[in-house]
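Working notes for the structure below.
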Amino acid sequence: APLVWGAVPTSIMVETGVPITPLVLTSSGYVMPSTYFASEQPSWLLRPWDSFGETDFAVRFEGKPTTAGPARLTLTPRGAPGPDITITFLVTDRPVITAPPTRTVLADTDVDIPVAVSGSPVSSVTATGLPTGLTVVAGVALGAWHITGTVGRDTFGVYDVTLTADNGLVSTHDLTLTVAGTPVLDDATVVTYLDQAAEAVVRSPGSPRPTPAVTARTPPPGPTAPAD
């Protein structure tokens, strides 16, 4: 019977510095090869055992990848005809995200929060939980990203943002983003009459909440600025 391999993956994604799930390969047929020669085998991949029978063969591979990048394993039968097999290990660094854990930004001003992502291959970066007006964009340098944009005064508050880097392996980073703003006084017109009470409503949006006060070069007697 011709030599037939069992299920053989064409590629396997593995993580740098993390032991691979043991890989067992089998073949069957008659006559079996006397051995299988590894014409390509990464230095970190070990072959702790193999088993030859009259009509079957099994081999086990283990190891811990050391360097990111593709690594190929090719087995070639010796002593009997049969097909080669080749498996490509896609050795991948898990992304590492460097970004602040907290940041406060001001409304109506340009925002630029740098985010650095290392690891090979290069990751894509996304964010959830950002306030309206902000987005994540790639920078000029490899692995450089930025949270950028402008937030309006209707976005005051605290936002729980999650950054996700994905290059086949996934890492996340949590950022607490606070949108604040300096207070801005709306104009108010007050008509006063002698010996009568007067009231003007002046709106002053801002975050954190501002404390109002009345100041003037020559303030008239009586006006105060209670918080409402």
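Since this is a predicted model, take the numbers as computed values, not measurements.
Listed by first then second residue, pairs satisfying ring pair (Phe, Tyr, Trp, His ring centres under 6.0 Å) with a partner in residues 122-147 number zero, not counting sequence neighbours. For residues 56-74, the set of pairs meeting the side-chain hydrogen bond (donor to acceptor under 3.5 Å, both in side chains) definition, not counting sequence neighbours, comprises Glu40-Arg72, Glu40-Thr74, Arg60-Glu62, Thr74-Thr86. Applying the salt bridge (charged side-chain N to carboxylate O under 4.0 Å, His left out) test to pairs two or more places apart or on separate chains, those with a residue in residues 99-116 are Asp108-Arg153. Legend: salt bridge (charged side-chain N to carboxylate O under 4.0 Å, His left out) pairs involving residues 76-100, not counting sequence neighbours, sorted by first then second residue: Glu15-Arg94. Applying the ring pair (Phe, Tyr, Trp, His ring centres under 6.0 Å) test to every pair with at least one member in residues 102-127, sequence neighbours left out, gives no pairs at all. Under the side-chain hydrogen bond (donor to acceptor under 3.5 Å, both in side chains) criterion, no residue pair touches residues 113-130, with sequence neighbours excluded. The salt bridge (charged side-chain N to carboxylate O under 4.0 Å, His left out) contacts involving residues 113-124 comprise nothing, where partners must be two or more places apart or lie in separate chains.
Closest of all the heavy-atom pairs between Ala127 and Val136 is CB-CG2, 3.4 Å. Closest of all the heavy-atom pairs between Thr162 and Thr172 is CG2-CB, 4.2 Å. Closest heavy-atom contact between Thr76 and Ser39: OG1-OG, 3.8 Å. Residues Asn167 and Pro121 share a closest heavy-atom pair of ND2-O, 2.9 Å.
Taking a 4.5 Å side-chain heavy-atom cut-off between Ile, Leu, Val, Met, Phe, Trp and Tyr, the cluster of Val122 extends to Leu142.
With sequence neighbours excluded, the residues satisfying salt bridge (charged side-chain N to carboxylate O under 4.0 Å, His left out) with Asp50 are Arg47. In terms of the ring pair (Phe, Tyr, Trp, His ring centres under 6.0 Å) criterion, residue partners of Phe89 (sequence neighbours excluded) are, by chain and number, Trp44. Phe37 pairs by the ring pair (Phe, Tyr, Trp, His ring centres under 6.0 Å) definition with nothing, not counting sequence neighbours. Applying the side chain to side chain donor-acceptor pair (under 3.5 Å) test to Thr98 and every residue at least two apart in sequence or in another chain returns nothing.
One hydrophobic cluster, built from ILVMFWY side chains closer than 4.5 Å, holds both Val8 and Leu23. No path of Ile, Leu, Val, Met, Phe, Trp and Tyr side chains, each step under 4.5 Å between heavy atoms, connects Leu90 with Leu45, placing them in separate hydrophobic clusters. Follow the hydrophobic side-chain contacts under 4.5 Å out from Phe61 and you never reach Leu46; the two are in separate clusters. Clustering ILVMFWY residues whenever any of their side-chain heavy atoms sit less than 4.5 angstrom apart, transitively, puts Phe156 in the very cluster that holds Leu134. Residue Val96 is not grouped with residue Val125 when hydrophobic side chains (ILVMFWY) are merged at heavy-atom distances under 4.5 angstrom, including chains of intermediate members.
Annotation: side chain of Val161 is not in contact with side chain of Asp174 (no heavy-atom distance under 4.5 Å). In this structure the side chain of Pro65 never reaches within 4.5 angstrom of the side chain of Val18, judged on heavy atoms. Residues Ser171 and Thr164 have side chains not in contact (no heavy-atom distance under 4.5 Å, counting atoms from C-beta outward). Between Val59 and Trp49 the shortest side-chain heavy-atom distance does not fall below 4.5 Å. Taking 4.5 Å as the limit, some side-chain heavy atom of Leu177 sits within range of a side-chain heavy atom of Pro131. Using a 4.5 Å cut-off on side-chain heavy atoms (C-beta onward), Thr55 and Ser28 make no contact. At a threshold of 4.5 Å between non-hydrogen side-chain atoms, the residues Pro83 and Trp5 count as touching. The shortest distance between side-chain heavy atoms of Pro100 and Ile113 falls below 4.5 Å.
Taking CD1 of Ile147 as the reference point, atom CG of Leu175 lies at 5.5 Å (rounded to 0.5 Å). Rounding to the nearest 0.5 angstrom, the gap separating the CG atom in Leu75 from the CG atom in Leu25 is 6.5 Å.
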Show, in sequence, the C-alpha distance, side-chain angles and deciding distance for Val179 and Val158, and conclude whether the side chain to side chain contact (heavy atoms under 4.5 Å, CB included) test is met. CA-CA 6 Å; Val179 179; Val158 178; over 6 Å; no
Can you list the steps and then say if Ile87 with Thr10 is a side chain to side chain contact (heavy atoms under 4.5 Å, CB included)? CA-CA 5 Å; Ile87 300 170; Thr10 57; over 6 Å; no
Take Thr150 and Thr109, measure what side chain to side chain contact (heavy atoms under 4.5 Å, CB included) needs, and give me the verdict at the end. CA-CA 6 Å; Thr150 304; Thr109 60; over 6 Å; no
From CA spacing to verdict: side chain to side chain contact (heavy atoms under 4.5 Å, CB included), Thr132, Val151: CA-CA 6 Å; Thr132 301; Val151 288; over 6 Å; no
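Tyr36 and Phe52 have parallel rings, their planes meeting at less than 30° on a 0 to 90° scale where 60° marks the start of perpendicular.
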